[in-house]
Q: 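Questions regarding the structure given below will be posed in turn.
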Amino acid sequence: MDIENKDWFKNTFEKSKEGVVKFTRISRLRIEIASIKKKADERFESLGKKAFQLMKDNEIDHDFLSDDYKSLEKLDDKLAELENQIEELKKREEEEFTSSFSGDSKFVKTDANRDFADENTAEDTNVSKNQTEDDDEEKDKSDTK
């Protein structure tokens with residue numbers, strides 16, 4: 001390898017090394033920027049919640065904030081309405097489930113009966129499994145005769 005090629009290789013290596021160092025520094029700065037932006041967003045959210053509560057408590061009143069406040073109130077009302085719908089559906093589903101077994105005391109919806117039903121299912125499964133094993137043994141005996 002001649003001296004010209006060694007110098008070219010050395011220069012290329014140094015430039016690459018500098019590029020990697022530069023890229024690493026920029027990446028670290030970008031990560032730090034993202035972290036600071038996240039913290040700022042959290043603080044803005046906190047500030048907004050506090051301003052919202054102050055407006056709700058009639059401690060501040062400013063035309064500049066009123067449109068956003070009204071919009072947030074509507075969104076809160078809609079969220080409460082949807083959450084109520086979920087609760088109503090859960091309640092209705094539970095009532096339908098309970099009423100579907102109203103004539104059979106074994107299936108009244110209680111934790112104890114659920115456990116009892118699970119045990120019965122497990123026992124039924126074991127009985128079926130044992131019966132199948134017994135059937136297999138008898139078949140094997142008859143095959144060997």
Side-chain angles (χ1 to χ4, degrees), residues 1-101 104 106-141 143-144:
M1 192 181 250
D2 61 357
I3 293 179
E4 231 178 74
N5 285 338
K6 285 183 182 180
D7 288 339
W8 175 86
F9 183 73
K10 185 177 179 181
N11 286 337
T12 303
F13 179 76
E14 288 298 320
K15 286 181 184 179
S16 298
K17 182 179 163 184
E18 289 171 12
V20 169
V21 169
K22 181 180 173 183
F23 175 77
T24 303
R25 287 182 183 154
I26 290 171
S27 295
R28 285 184 186 155
L29 291 172
R30 286 185 175 154
I31 290 170
E32 189 174 350
I33 288 169
S35 175
I36 291 171
K37 283 183 176 182
K38 182 179 182 218
K39 288 178 184 177
D41 287 344
E42 290 170 355
R43 299 309 314 156
F44 275 121
E45 181 179 349
S46 174
L47 178 65
K49 287 179 179 180
K50 290 174 185 175
F52 178 81
Q53 189 61 46
L54 288 171
M55 289 193 75
K56 192 173 188 176
D57 295 341
N58 292 321
E59 293 195 30
I60 61 172
D61 185 22
H62 199 284
D63 292 338
F64 177 72
L65 300 173
S66 64
D67 288 341
D68 290 325
Y69 174 76
K70 289 175 185 173
S71 178
L72 284 171
E73 270 191 323
K74 288 179 183 177
L75 291 171
D76 275 351
D77 291 344
K78 185 66 176 173
L79 284 173
E81 178 185 326
L82 293 173
E83 287 171 354
N84 285 337
Q85 287 179 12
I86 289 172
E87 290 305 314
E88 288 175 18
L89 287 171
K90 285 181 180 179
K91 185 178 177 182
R92 203 174 313 144
E93 182 179 283
E94 187 173 313
E95 289 171 356
E96 288 173 5
F97 179 81
T98 304
S99 68
S100 67
F101 296 111
D104 191 353
K106 181 180 175 183
F107 291 105
V108 173
K109 187 177 179 186
T110 65
D111 289 339
N113 285 338
R114 279 193 203 119
D115 293 342
F116 180 73
D118 291 343
E119 288 173 11
N120 286 341
T121 303
E123 287 175 11
D124 291 345
T125 303
N126 288 337
V127 168
S128 298
K129 183 179 176 185
N130 291 339
Q131 183 63 41
T132 303
E133 289 171 357
D134 292 343
D135 292 345
D136 288 343
E137 285 180 23
E138 286 184 29
K139 183 179 177 189
D140 288 342
K141 288 179 184 177
D143 288 342
T144 58

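In this text the structure is predicted, and so the values were computed from the model without any measurement.
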Q: So how far is it from Asp61 CG to Leu54 CG, rounded to the nearest 0.5 Å?
A: 11.5 Å
Q: Would you please name every residue forming a side-chain hydrogen bond (donor to acceptor under 3.5 Å, both in side chains) with Glu95, sequence neighbours left out?
A: none
Q: May I have the list of side-chain donor-acceptor pairs in residues 29-51 shorter than 3.5 Å, sequence neighbours left out?
A:
residue, atom, partner, partner atom, Å
Glu45, OE2, Lys49, NZ, 3.2

Q: Please tabulate, for side-chain N and O atoms in residues 65-72, each donor-acceptor pair with protein atoms closer than 3.5 Å (sequence neighbours left out).
A:
residue, atom, partner, partner atom, Å
Ser66, OG, Asp63, O, 3.0
Tyr69, OH, Glu73, OE2, 2.8

Q: Go through Gln85 and Glu81 one step at a time and tell me if the side chain to side chain contact (heavy atoms under 4.5 Å, CB included) criterion holds.
A: CA-CA 6 Å; Gln85 287 179 12; Glu81 178 185 326; 3.6 Å; yes
Q: Does the plane of the ring in Phe9 sit parallel, tilted or perpendicular to the ring in Phe13? Use 30° and 60° as the thresholds.
A: parallel
Q: Would you mind listing every salt bridge (charged side-chain N to carboxylate O under 4.0 Å, His left out) that reaches into residues 8-24, with sequence neighbours excluded?
A: none
Q: Excluding sequence neighbours, so at least two apart, what forms side-chain hydrogen bond (donor to acceptor under 3.5 Å, both in side chains) with Asp57?
A: Gln53
Q: For Arg92, check side chain to side chain contact (heavy atoms under 4.5 Å, CB included) against everything at least two apart and list the hits.
A: Glu88, Leu89, Glu96
